[in-house]
Amino acid sequence: MIESHLTGLLERAGERTTVGPAPIELMHARVTRRRRRRALVSVTAAVAAVAAVGGTALALRPGASPEVSPPPVASASPGVVPADMRLVGLGHAAIAAGPSALSDVPS
Amino acid sequence: MSRDDFSEYVAARWTGLVRSAVLLGCTHAEAEDLVQTALERCLMKWGKVQAADDRDAYVHRVLINMFISGRRRRWTGEKPTATLPEQVAADHTAGIDDTDAVMRALDRLPSDQRTAVVLRYYAHLSEHQMASVLDVAAGTVKSRLSRAVTALAQDPDLAELRGTQ
(Lines give C-alpha, C1' and ligand atoms only; values in the text may rest on other atoms or scores of the structure.)
Protein backbone atom coordinates (compact mmCIF):
# COMPACT_ATOMS: atom_id res chain seq x y z
CA MET A 1 0.00 0.00 0.00
CA ILE A 2 2.65 2.49 1.10
CA GLU A 3 4.86 1.45 -1.82
CA SER A 4 2.32 2.65 -4.32
CA HIS A 5 2.25 6.06 -2.62
CA LEU A 6 5.96 6.47 -2.01
CA THR A 7 6.92 7.60 -5.49
CA GLY A 8 4.22 10.23 -5.51
CA LEU A 9 5.07 11.40 -2.00
CA LEU A 10 8.78 11.63 -2.77
CA GLU A 11 8.18 13.42 -6.05
CA ARG A 12 5.95 15.97 -4.36
CA ALA A 13 8.56 16.43 -1.63
CA GLY A 14 11.30 16.81 -4.25
CA GLU A 15 9.29 19.33 -6.24
CA ARG A 16 9.24 21.63 -3.26
CA THR A 17 12.95 22.14 -3.82
CA THR A 18 13.46 24.81 -6.44
CA VAL A 19 16.55 23.93 -8.44
CA GLY A 20 18.40 26.51 -10.51
CA PRO A 21 20.09 25.83 -13.83
CA ALA A 22 23.07 23.49 -13.84
CA PRO A 23 26.41 25.35 -13.76
CA ILE A 24 27.69 23.38 -16.74
CA GLU A 25 30.27 25.94 -17.90
CA LEU A 26 31.61 26.29 -14.37
CA MET A 27 31.98 22.51 -14.12
CA HIS A 28 33.81 22.36 -17.44
CA ALA A 29 36.12 25.21 -16.38
CA ARG A 30 36.91 23.61 -13.02
CA VAL A 31 37.60 20.22 -14.57
CA THR A 32 39.82 21.78 -17.25
CA ARG A 33 41.78 23.60 -14.53
CA ARG A 34 42.08 20.39 -12.50
CA ARG A 35 43.28 18.46 -15.55
CA ARG A 36 45.91 21.11 -16.30
CA ARG A 37 47.10 21.08 -12.69
CA ARG A 38 47.25 17.29 -12.72
CA ALA A 39 49.21 17.32 -16.01
CA LEU A 40 51.62 19.90 -14.59
CA VAL A 41 52.17 17.81 -11.47
CA SER A 42 52.74 14.70 -13.61
CA VAL A 43 55.28 16.49 -15.83
CA THR A 44 57.07 17.91 -12.80
CA ALA A 45 57.20 14.50 -11.16
CA ALA A 46 58.48 12.91 -14.38
CA VAL A 47 61.19 15.57 -14.76
CA ALA A 48 62.21 15.12 -11.13
CA ALA A 49 62.35 11.34 -11.56
CA VAL A 50 64.42 11.62 -14.75
CA ALA A 51 66.78 14.08 -13.07
CA ALA A 52 67.20 11.81 -10.06
CA VAL A 53 67.83 8.73 -12.20
CA GLY A 54 70.16 10.61 -14.56
CA GLY A 55 72.08 12.17 -11.70
CA THR A 56 72.52 8.82 -10.00
CA ALA A 57 73.66 7.19 -13.27
CA LEU A 58 76.19 9.96 -13.89
CA ALA A 59 77.52 9.72 -10.38
CA LEU A 60 77.89 5.95 -10.55
CA ARG A 61 79.36 5.60 -14.05
CA PRO A 62 82.86 4.01 -14.18
CA GLY A 63 85.68 6.45 -13.59
CA ALA A 64 83.35 9.14 -12.46
CA SER A 65 84.22 8.95 -8.82
CA PRO A 66 86.01 12.13 -7.87
CA GLU A 67 89.47 11.91 -6.36
CA VAL A 68 89.24 11.97 -2.68
CA SER A 69 91.49 14.68 -1.43
CA PRO A 70 93.12 14.03 1.90
CA PRO A 71 91.51 15.86 4.75
CA PRO A 72 93.27 18.97 5.86
CA VAL A 73 95.69 18.38 8.65
CA ALA A 74 97.18 20.65 11.13
CA SER A 75 100.12 22.59 9.77
CA ALA A 76 103.46 21.06 10.22
CA SER A 77 105.85 22.08 12.88
CA PRO A 78 106.67 25.75 12.50
CA GLY A 79 110.32 24.86 12.33
CA VAL A 80 112.92 27.24 13.50
CA VAL A 81 111.67 30.49 14.92
CA PRO A 82 113.90 33.45 14.09
CA ALA A 83 116.02 34.63 16.98
CA ASP A 84 114.24 37.94 17.46
CA MET A 85 110.80 36.32 17.50
CA ARG A 86 109.02 34.08 19.84
CA LEU A 87 105.95 31.90 19.62
CA VAL A 88 102.83 33.32 21.15
CA GLY A 89 99.59 31.38 21.26
CA LEU A 90 96.71 29.90 23.04
CA GLY A 91 96.10 26.18 23.37
CA HIS A 92 97.36 24.46 20.23
CA ALA A 93 97.54 27.60 18.07
CA ALA A 94 100.65 29.72 18.02
CA ILE A 95 102.18 32.43 15.90
CA ALA A 96 105.63 33.82 15.74
CA ALA A 97 105.67 37.40 16.92
CA GLY A 98 108.44 40.00 16.74
CA PRO A 99 109.69 42.26 19.57
CA SER A 100 107.45 45.19 18.59
CA ALA A 101 104.35 43.02 18.85
CA LEU A 102 105.56 41.55 22.09
CA SER A 103 106.05 44.86 23.90
CA ASP A 104 102.58 44.66 25.48
CA VAL A 105 102.67 40.95 26.18
CA PRO A 106 103.71 39.97 29.70
CA SER A 107 106.55 37.54 29.59
CA MET B 1 31.99 14.72 -28.41
CA SER B 2 32.30 14.14 -24.70
CA ARG B 3 31.81 17.81 -23.77
CA ASP B 4 28.44 17.99 -25.50
CA ASP B 5 27.49 14.57 -24.23
CA PHE B 6 28.25 15.60 -20.67
CA SER B 7 26.37 18.88 -21.06
CA GLU B 8 23.31 17.08 -22.38
CA TYR B 9 23.43 14.54 -19.57
CA VAL B 10 23.76 17.22 -16.90
CA ALA B 11 20.99 19.33 -18.39
CA ALA B 12 18.68 16.32 -18.32
CA ARG B 13 19.60 15.00 -14.86
CA TRP B 14 20.65 18.01 -12.78
CA THR B 15 17.28 18.73 -11.21
CA GLY B 16 16.58 15.10 -10.34
CA LEU B 17 20.04 14.60 -8.87
CA VAL B 18 19.80 17.71 -6.69
CA ARG B 19 16.37 16.66 -5.46
CA SER B 20 17.66 13.16 -4.75
CA ALA B 21 20.41 14.68 -2.63
CA VAL B 22 17.84 16.78 -0.76
CA LEU B 23 15.77 13.66 -0.08
CA LEU B 24 18.92 11.92 1.14
CA GLY B 25 19.19 14.60 3.83
CA CYS B 26 21.22 17.45 2.37
CA THR B 27 20.19 21.07 2.60
CA HIS B 28 19.47 22.75 -0.72
CA ALA B 29 22.92 24.38 -0.92
CA GLU B 30 24.68 21.20 0.17
CA ALA B 31 22.73 19.22 -2.41
CA GLU B 32 23.79 21.50 -5.27
CA ASP B 33 27.42 21.43 -4.12
CA LEU B 34 27.36 17.66 -3.74
CA VAL B 35 25.86 17.06 -7.18
CA GLN B 36 28.21 19.55 -8.81
CA THR B 37 31.25 17.90 -7.23
CA ALA B 38 30.01 14.43 -8.14
CA LEU B 39 29.39 15.46 -11.75
CA GLU B 40 32.82 17.09 -11.97
CA ARG B 41 34.36 13.85 -10.76
CA CYS B 42 32.40 12.00 -13.43
CA LEU B 43 33.53 14.51 -16.07
CA MET B 44 37.16 13.84 -15.15
CA LYS B 45 36.57 10.26 -16.33
CA TRP B 46 33.69 10.79 -18.71
CA GLY B 47 34.99 8.10 -21.05
CA LYS B 48 34.54 5.61 -18.25
CA VAL B 49 31.00 6.85 -17.63
CA GLN B 50 30.21 6.55 -21.34
CA ALA B 51 31.60 3.04 -21.36
CA ALA B 52 29.58 2.03 -18.29
CA ASP B 53 26.60 -0.26 -18.83
CA ASP B 54 24.38 2.11 -16.92
CA ARG B 55 25.34 5.77 -16.71
CA ASP B 56 22.69 6.65 -14.18
CA ALA B 57 23.84 3.89 -11.87
CA TYR B 58 27.45 5.06 -12.25
CA VAL B 59 26.63 8.70 -11.50
CA HIS B 60 24.41 7.75 -8.57
CA ARG B 61 27.18 5.58 -7.23
CA VAL B 62 29.60 8.53 -7.27
CA LEU B 63 26.94 10.73 -5.70
CA ILE B 64 26.11 8.27 -2.91
CA ASN B 65 29.79 7.59 -2.17
CA MET B 66 30.51 11.30 -1.91
CA PHE B 67 27.44 11.84 0.24
CA ILE B 68 28.48 9.05 2.61
CA SER B 69 32.10 10.17 2.82
CA GLY B 70 30.95 13.76 3.38
CA ARG B 71 28.81 12.64 6.31
CA ARG B 72 31.70 10.56 7.64
CA ARG B 73 33.98 13.60 7.54
CA ARG B 74 31.39 15.61 9.39
CA TRP B 75 31.17 12.92 12.04
CA THR B 76 34.93 12.88 12.62
CA GLY B 77 34.82 16.65 12.91
CA GLU B 78 32.56 16.53 15.92
CA LYS B 79 34.02 17.33 19.29
CA PRO B 80 32.57 16.35 22.66
CA THR B 81 31.45 19.29 24.74
CA ALA B 82 29.97 19.75 28.18
CA THR B 83 27.30 22.16 26.98
CA LEU B 84 25.27 21.51 23.89
CA PRO B 85 25.75 24.16 21.21
CA GLU B 86 22.85 25.75 19.48
CA GLN B 87 21.80 23.21 16.92
CA VAL B 88 20.90 23.92 13.35
CA ALA B 89 17.98 21.79 12.31
CA ALA B 90 15.56 21.66 9.48
CA ASP B 91 12.60 23.93 10.00
CA HIS B 92 9.60 21.69 10.55
CA THR B 93 7.36 24.47 11.79
CA ALA B 94 6.15 25.44 8.37
CA GLY B 95 3.11 23.27 8.86
CA ILE B 96 2.14 19.68 8.65
CA ASP B 97 1.94 19.25 4.97
CA ASP B 98 2.81 16.16 3.07
CA THR B 99 6.33 17.25 2.26
CA ASP B 100 7.19 17.86 5.89
CA ALA B 101 5.64 14.56 6.82
CA VAL B 102 7.68 12.75 4.19
CA MET B 103 10.89 14.48 5.22
CA ARG B 104 10.27 13.71 8.90
CA ALA B 105 9.57 10.09 8.05
CA LEU B 106 12.77 9.91 5.98
CA ASP B 107 14.73 11.56 8.81
CA ARG B 108 13.68 8.73 11.10
CA LEU B 109 15.00 6.02 8.79
CA PRO B 110 18.57 4.74 9.14
CA SER B 111 20.75 6.20 6.40
CA ASP B 112 21.12 2.94 4.46
CA GLN B 113 17.34 2.45 4.34
CA ARG B 114 16.78 6.10 3.46
CA THR B 115 19.26 5.81 0.59
CA ALA B 116 17.52 2.66 -0.63
CA VAL B 117 14.11 4.36 -0.59
CA VAL B 118 15.35 7.43 -2.47
CA LEU B 119 17.15 5.37 -5.09
CA ARG B 120 14.22 3.02 -5.61
CA TYR B 121 11.19 5.27 -5.36
CA TYR B 122 12.60 8.63 -6.44
CA ALA B 123 15.54 7.87 -8.74
CA HIS B 124 13.65 4.82 -10.06
CA LEU B 125 16.69 2.56 -10.07
CA SER B 126 16.04 -1.15 -10.28
CA GLU B 127 17.13 -3.44 -7.46
CA HIS B 128 19.93 -4.68 -9.69
CA GLN B 129 21.13 -1.12 -10.32
CA MET B 130 20.86 -0.35 -6.62
CA ALA B 131 22.98 -3.34 -5.77
CA SER B 132 25.61 -1.98 -8.14
CA VAL B 133 25.33 1.59 -6.81
CA LEU B 134 25.48 0.56 -3.15
CA ASP B 135 28.00 -2.21 -3.78
CA VAL B 136 25.93 -4.73 -1.87
CA ALA B 137 24.15 -7.95 -2.77
CA ALA B 138 20.69 -7.80 -4.34
CA GLY B 139 19.31 -9.57 -1.28
CA THR B 140 20.64 -6.79 0.94
CA VAL B 141 18.90 -4.21 -1.22
CA LYS B 142 15.63 -6.13 -0.92
CA SER B 143 15.89 -6.44 2.85
CA ARG B 144 16.76 -2.75 3.27
CA LEU B 145 13.81 -1.76 1.11
CA SER B 146 11.52 -4.14 2.94
CA ARG B 147 12.52 -2.80 6.36
CA ALA B 148 12.25 0.79 5.14
CA VAL B 149 8.80 0.27 3.66
CA THR B 150 7.63 -1.43 6.85
CA ALA B 151 8.94 1.47 8.93
CA LEU B 152 7.32 4.03 6.63
CA ALA B 153 4.02 2.15 6.70
CA GLN B 154 4.04 2.43 10.50
CA ASP B 155 5.25 6.03 10.56
CA PRO B 156 2.69 8.18 12.36
CA ASP B 157 3.21 11.21 10.12
CA LEU B 158 2.68 9.22 6.94
CA ALA B 159 -0.25 7.36 8.48
CA GLU B 160 -1.82 10.72 9.24
CA LEU B 161 -1.10 11.80 5.71
CA ARG B 162 -2.86 8.74 4.34
CA GLY B 163 -5.76 9.35 6.67
CA THR B 164 -5.38 6.05 8.43
CA GLN B 165 -4.92 7.60 11.84
Side-chain angles (χ1 to χ4, degrees), chain A residues 1-69 71, chain B residues 3-4 6-23 26-28 31-32 35-46 94 97-106 117-118 120-124 145-146 148-155 158-159 161-162 164:
Chain A
M1 162 83 181
I2 182 80
E3 286 179 273
S4 56
H5 289 289
L6 263 176
T7 297
L9 289 173
L10 290 174
E11 275 174 5
R12 280 204 295 279
E15 277 164 15
R16 211 177 81 162
T17 303
T18 312
V19 182
I24 296 175
E25 288 309 316
L26 178 66
M27 283 190 262
H28 278 298
R30 283 175 58 161
V31 168
T32 305
R33 222 172 20 243
R34 200 175 302 167
R35 278 186 182 141
R36 278 194 197 133
R37 203 179 313 141
R38 193 174 281 189
L40 186 67
V41 169
S42 300
V43 168
T44 309
V47 168
V50 167
V53 169
T56 308
L58 279 177
L60 296 179
R61 77 180 196 279
S65 59
E67 282 183 23
V68 178
S69 58
Chain B
R3 186 185 170 95
D4 294 340
F6 174 79
S7 301
E8 279 172 25
Y9 183 86
V10 173
R13 299 287 195 281
W14 170 258
T15 304
L17 288 170
V18 172
R19 287 177 175 165
S20 291
V22 169
L23 291 173
C26 293
T27 63
H28 186 189
E32 290 201 342
V35 174
Q36 185 178 331
T37 311
L39 287 171
E40 283 173 10
R41 191 164 289 188
C42 290
L43 179 56
M44 288 289 288
K45 296 178 178 175
W46 191 245
D97 60 5
D98 55 354
T99 301
D100 288 324
V102 170
M103 293 307 284
R104 277 199 300 272
L106 288 176
V117 166
V118 173
R120 182 77 188 96
Y121 297 107
Y122 185 75
H124 304 295
L145 275 176
S146 170
V149 169
T150 305
L152 290 174
Q154 293 168 352
D155 189 277
L158 291 186
L161 190 65
R162 293 195 307 272
T164 56

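In this text, all values refer to a predicted model and were calculated from it rather than measured experimentally. Both backbone and side-chain heavy atoms feed into the values below; hydrogens, waters and symmetry mates do not. Chain A is the first sequence line, chain B the second, and so forth, proteins listed ahead of strands; every chain is numbered from 1.
With hydrogens and angles disregarded, a donor-acceptor distance shorter than 3.5 Å links the side chain of B:W14 to the backbone of A:G20. Of the possible donor and acceptor atoms, one in the side chain of B:H28 sits under 3.5 Å from a partner among the backbone N and O of A:T18.
At least one side-chain heavy atom of A:R16 sits less than 4.5 Å from a side-chain heavy atom of B:D100. The shortest side-chain heavy-atom distance between B:R19 and A:E11 does not fall under the 4.5 Å cut-off. A:P23 has its side chain out of reach of B:E32: every pair of non-hydrogen atoms, C-beta onward, lies at least 4.5 Å apart. Counting only heavy atoms from C-beta outward, the side chains of B:V117 and A:L10 approach each other to under 4.5 Å. Looking only at side-chain heavy atoms (C-beta outward), A:T7 and B:H124 come within less than 4.5 Å of each other. Side-chain contact check for B:Q36 versus A:L26: some heavy-atom pair is nearer than 4.5 Å.
Shortest non-hydrogen contact noted between A:A13 and B:V102 is CB-CG1, 4.1 Å. Residue B:A11 comes nearest to A:I24 through the heavy atom pair N-CD1, 4.2 Å, listed as atom of the first residue, atom of the second, then distance.
When the shell of 6.0 Å around CZ of A:R34 is examined, it contains more than 12 heavy atoms from other residues, nucleotides or ligands.
Of the two parts of A:E25, only the side chain, counted from C-beta on, holds a non-hydrogen atom closer than 4.5 Å to a non-hydrogen atom of chain B. Of the atoms belonging to B:L106, it is side-chain heavy atoms, and not backbone ones, that fall under 4.5 Å from chain A. Contact annotation for B:L43: both backbone and side-chain heavy atoms come within less than 4.5 Å of a heavy atom of chain A. Only the side chain of B:V18 comes within contact range of chain A, judged by heavy atoms closer than 4.5 Å.
Here B:T37 contributes atom OG1 and A:M27 contributes atom CE; the two are 9.5 Å apart, rounded to the nearest 0.5 Å. Here the OG1-CD distance, from A:T32 to B:E40, works out to 10.0 Å after rounding to the nearest 0.5 Å.
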